[in-house]
Amino acid sequence: MGRETPTFQAFCGAETPRFQNDAELECAKVLDYYGVPWEYEPRTFVLEEDEAGRVVEAFTPDFYLPEQDLYVEITVMKQSLVTRKNRKLRKLRERYPDIKIKLFYKRDIERLAQRFRLDLVS
Amino acid sequence: MLELGAQIAADYEGREPVLVASLKASVVFVSDLARALPLVHALDFVELAGYGAQHETGGSKRIRLLKDLDADIAGRDVLIVEDVVDTGLTMHYLCKTFRLRNPASLAIVTLLDRPYRRLVDDLPVRYVGFTVPDELFVGYGFDLDERFRSLPDLHVLKHAGET
């Protein structure tokens with residue numbers, strides 16, 4: 001069964017977004033709910049080229065918030081397993097110092113959506 | 001709380017601000033802040049439809065006010081009193097909504113702040129109680145499914161199954 005594709009009101013991109021996972025979809029819903037304009041994967045950043053100038057590594061952040069001039073990357077991996085993604089973000093920041101980007105973990109989106117199962121510990 | 005009250009009183013000397021708190025988590029904080037603010041001021045409340053509740057009940061898919069302000073804020077100094085500013089999405093909506101009503105000024109006072117999680121940066125967050133790590137809290141107005149609000153102090157939560 002395919003992932004749902006709701007009608008978004010704050011989406012300001014050209015093509016209908018095709019989300020990779022439920023966390024991305026949830027993030028889109030949250031942004032839409034709060035009326036914050038967003039685009040989905042509007043730009044790919046070249047991170048590395050070989051000697052012939054061919055692109056060997058690139059990175060496409062999931063969301064762009066034009067009013068905030070901010071890119072947002074969503075990861076469904078556990079916070080402890082995002083080394084590779086963090087390395088890409090670090091490269092992006094080095095190569096494009098003027099680009100603002102934030103990494104959001106799955107649990108951040110879940111928090112926004114108020115879907116928690118939590119224990120009182122202290 | 002006394003420090004926040006003194007700082008706000010100094011900044012708003014000679015004026016009569018309106019403290020606007022959003023129900024329900026900010027109730028305890030605004031109650032303490034109002035009593036720690038040595039300045040004549042008004043109190044008002046708004047209530048926003050929660051994201052989760054809206055989706056579960058199949059209601060509106062846009063944020064909206066369940067309870068609007070009682071007072072007209074045109075020409076008034078408005079201080080939004082918030083329990084925690086996180087992504088800034090809620091504050092972004094409130095600020096945008098209030099600015100349409102032409103207040104003399106608009107600022108935010110928050111008990112807790114997580115600036116590193118901000119998605120919306122252009123917020124007038126002027127007074128911060130504590131900048132906190134990425135933890136969830138209950139007590140002192142903060143709830144978990146409407147429970148624990150009445151705990152007198154803040155308590156840290158962790159996910160079920162975490163050690």
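In what follows, chains are A, B, ... by sequence order, proteins preceding strands, each numbered from 1.
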Is the number of heavy atoms from other residues, nucleotides or ligands within 6.0 Å of CD (A:Glu15) greater than 12? no
Euclidean distance, A:Tyr34 OH relative to B:Ile63 CD1, rounded to 0.5 Å: 5.0 Å
Between B:Tyr116 and A:Lys102, what is the shortest heavy-atom contact and its length? O-NZ, 3.8 Å
Membership question, hydrophobic clusters at under 4.5 Å side-chain separation (ILVMFWY): are B:Val84 and B:Met1 in the same one? yes
For residues A:Leu70 and B:Leu119, report the shortest heavy-atom separation together with the two atoms involved. CD2-O, 3.4 Å
In the structure I gave you, are the side-chain heavy atoms of B:Tyr93 and A:Val36 within less than 4.5 Å of one another anywhere? no
Tell me if the CZ atom of A:Arg18 is crowded by more than 12 foreign heavy atoms within 6.0 Å. no
Under 4.5 Å from any heavy atom of chain B, what part of A:Leu103 do you find: side chain, backbone, both or neither? neither
A:Lys100 and B:Asp121 have their tightest heavy-atom pair at NZ-OD2, 4.1 Å
From B:Lys96 atom NZ to A:Glu67 atom CD, the distance as rounded to the nearest 0.5 Å: 6.0 Å
In the single-linkage hydrophobic clustering (I, L, V, M, F, W, Y; side-chain heavy atoms under 4.5 Å), do B:Val30 and B:Phe130 co-cluster? yes
Give a yes or no on whether B:Leu2 and B:Ile8 share a hydrophobic cluster (residues Ile, Leu, Val, Met, Phe, Trp, Tyr; joining criterion: side-chain heavy atoms under 4.5 Å apart). no
For the student: nearest non-hydrogen atoms of B:Asp122 and A:Gln68, plus distance: OD1-OE1, 3.5 Å
Taking B:Arg62 for the side chain and A:Asp32 for the main chain, is one N or O donor matched with an acceptor at less than 3.5 Å? yes
